[in-house]
Amino acid sequence: MSAVSKFLFRRRGGDGWHWTDIVTWVWLIGGLIIMFGPALWLVFSSFKSPAQLAEFPPTILPYVSQQVEVEGYDKPLNLYHVTLEDGSTPVMAEVRRIGIVAQMVDPANPGEIVKVNIADRTPVREIGFATENYVTPLESNDFLLYLRNSVFVTLMATLITLITNSMAAFALSKYKFRGRDAVLMLIVGTLMVPLSVLLVPLYSVVSAVGLYNSLWGVILPTVATPTGVFLLRQYMLTIPDELLDAARMDNASEWQIYWRIVLPLAAPALAVLAIFSVVWRWNDFLWPLVVLSSKEVYTLQVGLNTYAGELNVQWHYILAMTVVTMIPVVLVFVFLQRFITSGIAGSGLK
């Protein structure tokens, strides 16, 4: 048994089970199911057809009915396990269904039709993936255009957010001026203002400067975030002022101090803010819905809304494209999480 297995399966009671061991395992397994269960259901359901999504009771895996070519019929017929009056359970193919009575035939002897109550049969099913849920939106619809717009908005907004917020945090943490604390309180106070209150004035400003129905109209009003300023400011307070004073004695400019000293030391906090920014911009729906009016500039979240009509909701496409939209965020989080861990560990060693 490896060291990892010994660590995972070790017990407080030694060879026996202690009650705390049982509670711990129940808690961990329950948390695992609650956290990853919906994600697994989403992934598997994205491969289901509309008929499979409407099934009750629902299933986790995407099952499809097995079909067989029967002589004398143009289309393949669905197979069922049929319970006959004599108690036998042969596999038969459905020709047609009238009410609660189904006309079945033996694939090996298609000349004889047997009438069966639909309650006396169960479908023969196998796991099948409806890959057209992914192919159709990517080929026929404008999903690739929405994807490109979302990537542009996310990258540009994150880059500008890191620059502007780090500059503000640098000034609020390392410069002493009158009203500094009041400015910080004003910035933090904006966290209590909901977006719905700011929608009308933001829309008026964006429309007045000619950014309506533009991706820049989505990017620019959201780049200065009070959360990012507060997060970076608190981290930059841990950077010794003596280090900056030593750089000034070596004739370093304020820009050089900010760019070559403060930013590298604040890399872990910047990575955390980058994760937050990517998640915020990538999942943003309300503000792009207000600003954008033409499909050419739709982002992913607004584009997904086009699959939900007034009378028909294409859930199979929505689920599939939701899985696609999750992939970039997961990859960014996995990459930056490793960077954050190494950065915090390195800072702790110092």
Side-chain angles (χ1 to χ4, degrees), residues 38-39 42 142-143 145-169 172 182-234 272-315 317-319 321-322 324-326 328-329 332-333:
L42 172 64
D142 297 326
F143 187 80
L145 177 62
Y146 305 153
L147 179 63
R148 186 166 60 248
N149 292 338
S150 282
V151 170
F152 177 78
V153 169
T154 302
L155 290 180
M156 296 305 299
T158 300
L159 181 62
I160 299 175
T161 296
L162 293 178
I163 295 175
T164 56
N165 289 4
S166 62
M167 288 182 176
L172 292 173
V183 171
L184 178 62
M185 292 299 296
L186 180 62
I187 293 175
V188 175
T190 58
L191 287 171
M192 296 181 290
V193 182
L195 178 61
S196 56
V197 176
L198 302 176
L199 278 180
V200 174
L202 278 179
Y203 176 81
S204 301
V205 172
V206 168
S207 179
V209 298
L211 294 179
Y212 177 74
N213 198 31
S214 169
L215 293 179
W216 288 106
V218 178
I219 296 171
L220 295 179
T222 60
V223 293
T225 60
T227 303
V229 174
F230 180 76
L231 174 67
L232 294 178
R233 188 253 182 187
Q234 294 302 112
V272 175
L273 180 58
I275 291 178
F276 288 162
S277 179
V278 168
V279 174
W280 292 336
R281 316 307 178 203
W282 191 265
N283 295 330
D284 194 11
F285 172 73
L286 182 59
W287 178 241
L289 181 65
V290 172
V291 176
L292 306 177
S293 61
S294 60
K295 286 188 174 182
E296 291 75 15
V297 290
Y298 275 0
T299 58
L300 274 177
Q301 308 306 325
V302 181
L304 285 175
N305 191 51
T306 60
Y307 294 117
E310 183 178 357
L311 302 176
N312 181 30
V313 179
Q314 298 172 305
W315 288 112
Y317 291 151
I318 293 178
L319 292 174
M321 295 302 100
T322 301
V324 175
T325 60
M326 289 171 53
V329 178
V332 169
F333 178 78

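When side chains are defined from C-beta on, L304 does not count as touching F285, because their heavy atoms never get closer than 4.5 Å. K295 has its side chain within reach of Y146: a pair of non-hydrogen atoms, C-beta onward, lies under 4.5 Å apart.
Distance OG1/T322 to OH/Y317: 14.0 Å, rounded to 0.5 Å. Atom CG of D284 is separated from atom CD1 of I219 by 11.5 Å, given to the nearest 0.5 angstrom. The distance from the CE atom of M156 to the CG atom of L220 is 9.0 Å, given to the nearest 0.5 Å.
Looking at residues two or more places apart in sequence or on another chain, you find a side chain to side chain contact (heavy atoms under 4.5 Å, CB included) between L145 and D142, R148, N149. Every residue meeting the side chain to side chain contact (heavy atoms under 4.5 Å, CB included) condition with V291, not counting sequence neighbours, appears here in chain and number order: V206, V218, W287. Every residue meeting the side chain to side chain contact (heavy atoms under 4.5 Å, CB included) condition with L155, not counting sequence neighbours, appears here in chain and number order: V151. Residues meeting the ring pair (Phe, Tyr, Trp, His ring centres under 6.0 Å) test with F230, sequence neighbours left out: none. In this structure S150 satisfies the side chain to side chain contact (heavy atoms under 4.5 Å, CB included) test together with W282, T299, L300, sequence neighbours excluded. Listed by chain and residue number, F152 satisfy the ring pair (Phe, Tyr, Trp, His ring centres under 6.0 Å) test with W216 (two or more places apart in sequence, or in another chain). The side-chain hydrogen bond (donor to acceptor under 3.5 Å, both in side chains) test applied to T225 returns N165, not counting sequence neighbours. For N213, the side-chain hydrogen bond (donor to acceptor under 3.5 Å, both in side chains) partners two or more places apart in sequence, or in a different chain, are S293, S294.
Considering every non-hydrogen atom in both A157 and V223, the closest pair reads O-CG1, 4.2 Å.
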If you look only at distance, which donor and acceptor atoms sit under 3.5 Å apart when one is on a side chain in residues 187-205 and the other is two or more places apart or in another chain?
unit_1	atom_1	unit_2	atom_2	d
T190	OG1	I187	O	2.4
S204	OG	V200	O	3.0

For residues 274-281, dump all side-chain donor-acceptor pairs below 3.5 Å to protein atoms at least two apart in sequence or in another chain.
unit_1	atom_1	unit_2	atom_2	d
S277	OG	T158	OG1	3.1
S277	OG	R281	NE	3.4
R281	NH1	T222	O	3.1
R281	NH2	T161	OG1	3.0
R281	NH2	T222	O	2.8

